[in-house]
Structures are given as C-alpha cells and as structure tokens.
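Data block below; observations after.
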Amino acid sequence: MNTRSLRFRMVTWYALWLGAVFSVAGVLIYFGLRHYLESNLAETQRHRAERIVSLVTRPDAAARGDLAGAITTVFAPEASGRFVRIAKPDGTVLYRSGQPLDRSFDSEQIAPSPVQPGVRKERQEDGREVIIVTIPSDARQPPQFFVEAGESLTPALNELSRVLLTLVVGFVIVAGVAWGGGVFLVRHALRPVLEITRSAEGITSRNLSERLPVPATGDEFEQLSQTLNGMILRLENAFKHNRRFLADASHELRTPLAILRNELEIMIAREGLDPDVRETLGDLLEEVGRLVHIVETLFALSRFETGQAHAEHTRFDLAQLASSTAEQMCLLAEDKKQTITCETPTPVWVEGDKARLKQVMVNLLDNAIKYTPAEGTVKLTVTASGNEAICEVKDTGIGIPADAIPHIFDRFFRVDAARSRDAGGAGIGLAIVKVICAAHDGRIEVESEEAHGSLFRVHLPLAGEKAI
C-alpha cells in the first residue's frame with residue numbers, strides 16, 4: 001500500500017480520529033465509573049455506620065453490655081468482609097472487628113480512628129485499598145464516640161478491570177471496523193478521481209477531442225472534472241492552431257521554394273558563368289534543397305499528427321522489408337567505408353503502412369550512417385518477442401550524451417547543431433519516426449553511450465494469425 005496516497009492518509013486520519021474519540025470516551029467512562037463505584041461504596045458504608053450508631057445508642061444496648069456480640073450478630077463484619085470500629089474522641093477503642101474471612105484487607109494496618117468525621121481511602125502494604133467512613137454518634141452535641149465502617153475496594157476494582165478489558169477489546173474491534181469502513185468509504189468517495197485519472201492517462205496529443213468523465217455528484221470532483229475538460233479543450237484548440245499553421249506554412253512555402261530551386265538550376269546551367277558566381281549559386285541551391293527537405297518533412301509530420309496522411313494498411317513481412325532496406329542503404333555506407341549487416345532469422349509479420357515503416361528504417365539507418373565514423377558498422381535486426389515485433393538499429397558511432405537522450409525525439413532537437421548541419425540533418429527525422437511508430441500502436445526506445453554507439457529499438461504489435 002502506498003503510504004503517501006490520499007486514500008491511505010484519509011483512511012488513517014479517519015481511523016485515528018475515531019480511535020481518539022473512542023479512547024477519550026473510554027477514559028471518561030473508566031474514571032467516571034470508578035468515581036461512581038467509590039461514591040456508592042462510601043454511601044453504603046455511611047448507611048451501615050448510621051445503623052451501627054442506632055444499634056449502639058438503643059436504650060437496651062447498655063443494659064445488655066455485649067457490644068461486640070450485638071454488632072457481630074447484626075452485621076457480621078468478619079464474615080461479610082467489612083471493617084467496623086467504635087472509638088471515643090480521645091482515641092480509646094470500644095470495639096474493632098477482626099480480620100475478614102475473605103482476606104480482602106488487613107484490619108491491623110488500618111490507621112487509628114480520626115477525631116473528625118468524613119471519608120478516606122487507605123492503601124495497605126500490598127497495594128489494596130480500603131474505603132472507610134467515619135461518623136459521630138450524635139451530630140447535635142459533642143459525640144460520645146465515633147463509628148468507622150469500611151470495606152475493601154478490591155471487588156469494585158475487579159469489576160472496573162473487567163470493564164476496562166471490555167473497553168480495550170471494543171477499541172480494537174472499533175479500530176478494525178473503522179479502518180475497513182474507512183477503506184470502503186474512501187474508495188467509494190475517490191472512485192470519480194480514479195475514473196478521471198484513467199481517462200486522463202489515455203488522452204494524448206493525438207486524441208485531445210476526448211473528454212474526462214464528469215461525475216454527477218455536485219461536489220468538488222465534478223467541478224474538477226469540468227475544469228480539466230475546459231483545459232483540454234483549450235489545449236485541443238492550441239494544438240489545432242499550431243498544426244494548422246504548420247501545415248499551411250509548409251504548404252505555402254513549397255511553391256516559392258520550388259520556383260527558387262528551378263531558377264537557381266537554370267542560372268547554374270548557363271554557359272560562360274563566372275566560376276565564383278557558379279560556386280555561390282551552387283551553395284544557394286544546396287541550402288534551398290535543405291529548406292525543401294525541411295518543409296516536406298514538416299508537411300508530412302503535420303499530416304501524420306492531424307490524421308490526414310494517407311495510409312495503406314497491409315499485412316507484410318517486416319524481416320523482408322528490413323533486408324531490402326538495408327541492401328538499398330549499403331550504397332551510402334560504402335561511401336564512408338562502413339559495413340551494414342542485417343539479421344532476420346525468421347519472418348516477422350506485422351500489419352501497417354509498409355511505406356511508412358520503411359521510412360522508419362531508412363531514417364534510423366541514415367542517422368546511424370551519418371554519425372558513425374569510417375570503418376564503423378551498422379547492424380539491423382528484426383525479431384519477434386511475445387506479441388511484439390522488434391526492429392533494432394545498432395551502430396558503433398559517436399553515441400548520444402545522457403542528458404540529450406530524453407529530448408532526442410523532439411522536433412528540431414540536435415545534440416550538436418554544427419555537427420548536425422554538417423551531416424545534413426534538421427532534427428526532424430527522429431520526430432517522424434516516433435510519430436509513425438505511435439500511429440502503428442508501437443513505440444521506440446534508445447540506448448546510447450558517448451563514444452560507444454547507439455541502439456534504437458522499435459516495438460510494433462504482431463499481425464493476427466491468418467492465412468498467407
């Protein structure tokens with residue numbers, strides 16, 4: 001799970017906040033229940049002490065003279081696990097109960113009787129607590145004695161511990177339910193975002209007419225989708241404008257450049273022309289030829305991107321096309337004393353525009369020949385791997401710097417402008433290659449290292465099985 005994702009953070013915050021609320025509620029319940037149990041136990045001891053006062057102050061109690069027997073008969077403090085002590089204001093003990101049979105506390109460790117009424121808690125050596133209530137025999141006049149009634153807090157604390165255990169188990173259950181419920185709720189709430197993301201990933205410069213889904217939720221997601229659709233519309237209009245301008249400019253430049261080249265060729269063909277002038281005209285004709293090539297390439301590129309290029313999709317053997325193309329390009333390689341090899345071990349059938357895919361191979365081989373020094377080698381390989389046809393062009397040339405590889409397929413990008421100009425390049429050939437590959441649902445990759453050559457790899461889908 002991605003811990004930095006919005007879904008994870010929302011679920012975590014939801015679970016933490018719910019857990020915090022439950023924890024605070026549990027703490028309040030625990031201490032509130034403890035206070036209630038202690039208060040209730042103290043009130044019970046107060047009533048018991050009042051009953052003891054009533055028993056001791058009865059007229060017939062003094063006549064019997066058996067105070068301990070009377071208290072034991074009526075209250076049985078040892079058997080019931082309670083503490084009773086009667087003492088005079090000067091501290092003289094008139095009666096004290098013995099050790100409780102359940103050993104819930106040690107009566108010997110209870111401090112001497114105070115001279116003031118009230119409620120107190122005493123912690124014994126083993127950590128057990130006893131709550132004791134002290135009341136006077138008569139509140140309307142100086143009392144003759146004080147009565148203390150007490151009981152261990154252990155049973156109440158045991159019940160409190162069970163409640164605490166229930167709260168802990170409940171917290172674990174609530175946290176698990178909160179996490180699971182949070183995942184479900186957040187997944188449902190973020191479903192429009194996932195749909196928008198999937199749709200956005202499929203929109204490229206070739207299908208800007210598509211739009212993102214607009215969820216009818218009336219919330220921020222709907223507003224976000226509408227805003228993004230508006231942005232895509234503006235991008236579509238901008239791309240259309242750029243492509244239209246490129247196509248129109250290329251088209252308008254073709255005629256004057258053709259006229260200019262024709263006029264220069266006529267002038268060069270004249271007899272008696274000064275050699276210097278002829279050389280100058282030759283340079284001009286070469287530059288005009290370069291401009292014509294750039295304009296034709298731009299025109300073809302614009303037609304590809306706008307989908308206006310005429311394409312004849314047929315099923316053919318890519319390996320055979322590679323062999324014939326490599327054979328034709330050998331003439332260029334021989335001028336630089338280079339060697340072109342072609343490896344096509346088995347037929348590789350693809351479906352597409354044969355002329356355009358041949359242009360891909362020509363452009364890649366042409367680049368390899370241009371930027372490979374004399375005595376170098378260029379290797380063309382076509383194989384099938386899985387559901388893909390793979391065409392590789394590998395050379396032993398000068399290579400491409402690492403920082404230039406991400407931009408190598410951009411229009412007019414040249415690693416070294418002076419070097420590209422000397423080689424006759426305009427920085428459009430690889431852009432054409434990328435567009436043609438994309439039009440055939442393929443892709444192109446490059447691996448290169450300076451002074452160690454380059455490897456261009458084209459991936460194309462294989463043709464479906466059918467009779468040849």
Side-chain angles (χ1 to χ4, degrees), residues 1-52 75-85 96-111 114 118-135 148-189:
M1 178 179 290
N2 183 10
T3 57
R4 302 182 64 182
S5 67
L6 179 61
R7 177 186 301 178
F8 179 84
R9 285 182 289 172
M10 290 181 65
V11 171
T12 302
W13 277 109
Y14 171 77
L16 288 177
W17 275 109
L18 190 60
V21 170
F22 189 85
S23 299
V24 172
V27 170
L28 293 177
I29 291 173
Y30 176 82
F31 286 102
L33 183 59
R34 180 184 178 109
H35 177 73
Y36 168 77
L37 291 175
E38 291 181 357
S39 300
N40 185 65
L41 186 60
E43 189 65 22
T44 301
Q45 300 310 312
R46 185 185 303 278
H47 290 315
R48 183 173 289 109
E50 290 174 352
R51 290 173 57 195
I52 293 174
F75 297 101
E78 293 85 356
S80 59
R82 295 180 177 88
F83 173 76
V84 175
R85 182 166 57 190
R96 188 182 68 184
S97 61
Q99 295 288 0
L101 298 181
D102 59 4
R103 301 296 180 182
S104 56
F105 62 90
D106 186 356
S107 61
E108 298 293 336
Q109 295 183 22
I110 296 178
V119 180
R120 72 181 189 276
K121 284 193 299 184
E122 290 196 8
R123 181 179 294 274
Q124 300 195 326
E125 294 178 357
D126 56 4
R128 292 179 294 182
E129 291 182 317
V130 181
I131 189 166
I132 301 174
V133 175
T134 304
I135 64 172
E148 295 176 276
E151 188 174 349
S152 174
L153 278 172
T154 300
L157 294 179
N158 289 339
E159 291 296 328
L160 197 61
S161 298
R162 284 190 283 271
V163 172
L164 179 61
L165 179 61
T166 303
L167 289 175
V168 171
V169 173
F171 173 80
V172 173
I173 295 174
V174 168
V177 172
W179 183 269
V183 170
F184 174 78
L185 293 176
V186 171
R187 180 180 299 172
H188 180 74

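- Counting heavy atoms from C-beta outward, Gln45 and Ile132 have side chains that stay 4.5 Å or more apart.
- Glu129 and Gln124 form no side-chain donor-acceptor contact under 3.5 Å, judged by distance and modelled atom types alone.
- A salt bridge between Glu38 and Arg34 is present, with a side-chain N of the basic residue lying under 4.0 Å from a carboxylate O of the acidic one.
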* Given Val133 and Glu43, is the side-chain contact (heavy atoms from CB on, under 4.5 Å) satisfied, shown in steps? -> CA-CA 8 Å; Val133 175; Glu43 189 65 22; over 6 Å; no
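- Although no hydrogens or angles enter the test, the distance criterion places no donor-acceptor pair under 3.5 Å between the side chain of Arg128 and the main chain of Ser152.
- Residues Leu41 and Leu37 form no side-chain contact, since every pair of their non-hydrogen atoms from C-beta on lies 4.5 Å or further apart.
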* Given Glu151 and Val130, is the side-chain contact (heavy atoms from CB on, under 4.5 Å) satisfied, shown in steps? -> CA-CA 6 Å; Glu151 188 174 349; Val130 181; 5.9 Å; no
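- From Arg85, atom CZ reaches atom CD1 of Ile52 across 12.5 Å, with rounding to the nearest 0.5 Å.
- In this structure, CG in Leu16 is found 8.0 Å from CH2 in Trp179, a value given to the nearest 0.5 Å.
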* Asked: Do Ser80 and Phe75 pass the side-chain contact (heavy atoms from CB on, under 4.5 Å) test, and can you show the C-alpha distance, the side-chain angles, and the key distance before you say yes or no?
  -> CA-CA 8 Å; Ser80 59; Phe75 297 101; over 6 Å; no
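- A donor-acceptor distance shorter than 3.5 angstrom exists from the side chain of Asn158 to the backbone of Thr154, with no hydrogens or angles considered.
- Of the possible donor and acceptor atoms, none in the side chain of Gln99 sits under 3.5 Å from a partner among the backbone N and O of Glu78.
- Taking all atoms of both residues into account, the shortest heavy-atom contact from Ala42 to Ile131 is CB-CD1, 3.7 Å.
- Using a 4.5 Å heavy-atom threshold, the side chains of Phe83 and Pro77 count as separate.
- Closest of all the heavy-atom pairs between Phe22 and Val174 is CE1-CG2, 3.9 Å.
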* Does the pair Leu33 and Leu160 meet the rule for a side-chain contact (heavy atoms from CB on, under 4.5 Å), with working shown? -> CA-CA 8 Å; Leu33 183 59; Leu160 197 61; 3.6 Å; yes
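- Put simply, CG on Leu101 and CZ on Arg103 are 7.5 Å apart, with the number rounded to the nearest 0.5 Å.
- Closest non-hydrogen pair, Gly81 versus Ser104, comes out as O-OG, 4.0 Å.
- With Glu122 contributing its side chain and Ala111 its backbone, the two residues share a donor-acceptor pair below 3.5 Å.
- A salt bridge does not link Arg48 to Glu148: none of the charged nitrogens lies less than 4.0 Å from a carboxylate oxygen.
- Listed by first and then second residue, the salt bridge (Lys or Arg N to Asp or Glu O under 4.0 Å) pairs that reach into residues 155-170 are Glu159-Arg162, sequence neighbours excluded.
- Counting heavy atoms from C-beta on, the side chains of Phe105 and Leu153 never come closer than 4.5 Å.
- Ion pairing of Arg96 with Glu108 is present here, as a side-chain N (NZ or NE/NH1/NH2) and a carboxylate O approach within less than 4.0 Å.
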